[in-house]
Amino acid sequence: MNTEKEIFTTEEAAQMMGCATSTIEEHARARVLPGVRMGHEWRFPREAFMKAINTLAITGELHRDSPKRKAKAVATDKDKGSKPNRRNPIPELPTLRSVG
């Protein structure tokens, strides 16, 4: 009889990898790890999960598409000291002289 589970929960996958459950969920959302969302929880097929982990260990590309690791824009010298005007200009109201 095969005692290995065919499907892991997020907690089981995190325990096996030695990381936080949030890390496993982040990589599942970024499609780095193969998982299926069931309601509010993730499930990971054992064979696909192990294959992905082996591939990532060989290539070293675990963080390639992680949304939290994207480069941020850097301000140039031109942008320093000048904030963009986000407010609409105050409309010019008619005066009593221009009405009559």
Side-chain angles (χ1 to χ4, degrees):
M1 186 164 116
N2 190 359
T3 59
E4 292 182 4
K5 291 182 74 170
E6 291 298 316
I7 297 182
F8 299 134
T9 63
T10 305
E11 292 79 15
E12 292 167 336
Q15 183 180 14
M16 182 173 47
M17 296 304 298
C19 63
T21 56
S22 60
T23 303
I24 298 291
E25 291 172 350
E26 175 186 336
H27 292 308
R29 280 191 298 273
R31 299 284 188 206
V32 174
L33 292 176
V36 178
R37 181 98 181 194
M38 302 292 248
H40 295 288
E41 297 185 13
W42 285 92
R43 298 289 185 255
F44 302 93
R46 182 183 62 80
E47 189 173 328
F49 186 82
M50 297 308 286
K51 184 176 179 181
I53 294 299
N54 288 333
T55 302
L56 293 171
I58 293 168
T59 62
E61 296 181 4
L62 182 60
H63 300 296
R64 65 176 182 263
D65 291 329
S66 181
K68 291 186 177 180
R69 304 207 192 293
K70 290 189 178 179
K72 295 181 180 178
V74 178
T76 61
D77 290 337
K78 181 176 74 173
D79 296 335
K80 290 182 180 177
S82 63
K83 291 185 179 180
N85 189 4
R86 295 185 182 169
R87 293 186 175 183
N88 292 331
I90 298 173
E92 203 166 311
L93 299 174
T95 61
L96 292 176
R97 292 183 200 138
S98 63
V99 174

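A distance of 12.0 Å separates CD in Glu25 from NE2 in His40, rounded to the nearest 0.5 Å. With values rounded to the nearest 0.5 angstrom, Ile53 atom CD1 is found 11.5 Å from Ile58 atom CD1. Atom CZ of Arg43 and atom OG1 of Thr9 lie 6.0 Å apart (nearest 0.5 Å). The CE atom of Met38 sits 10.0 Å away from the CD atom of Glu41 when rounded to the nearest 0.5 Å. For the atom pair SG of Cys19 and NE2 of His27, the computed distance is 7.0 Å after rounding to the nearest 0.5 Å.
Across Pro34 and Ala48, no two heavy atoms sit closer than the pair CG-O, 3.4 Å.
Counting only heavy atoms from C-beta outward, the side chains of Phe49 and Met17 approach each other to under 4.5 Å. Side-chain contact between Met50 and Met16 is present, with heavy atoms from C-beta onward closer than 4.5 Å. Annotation: side chain of Ile24 is in contact with side chain of Phe44 (closest heavy-atom distance under 4.5 Å).
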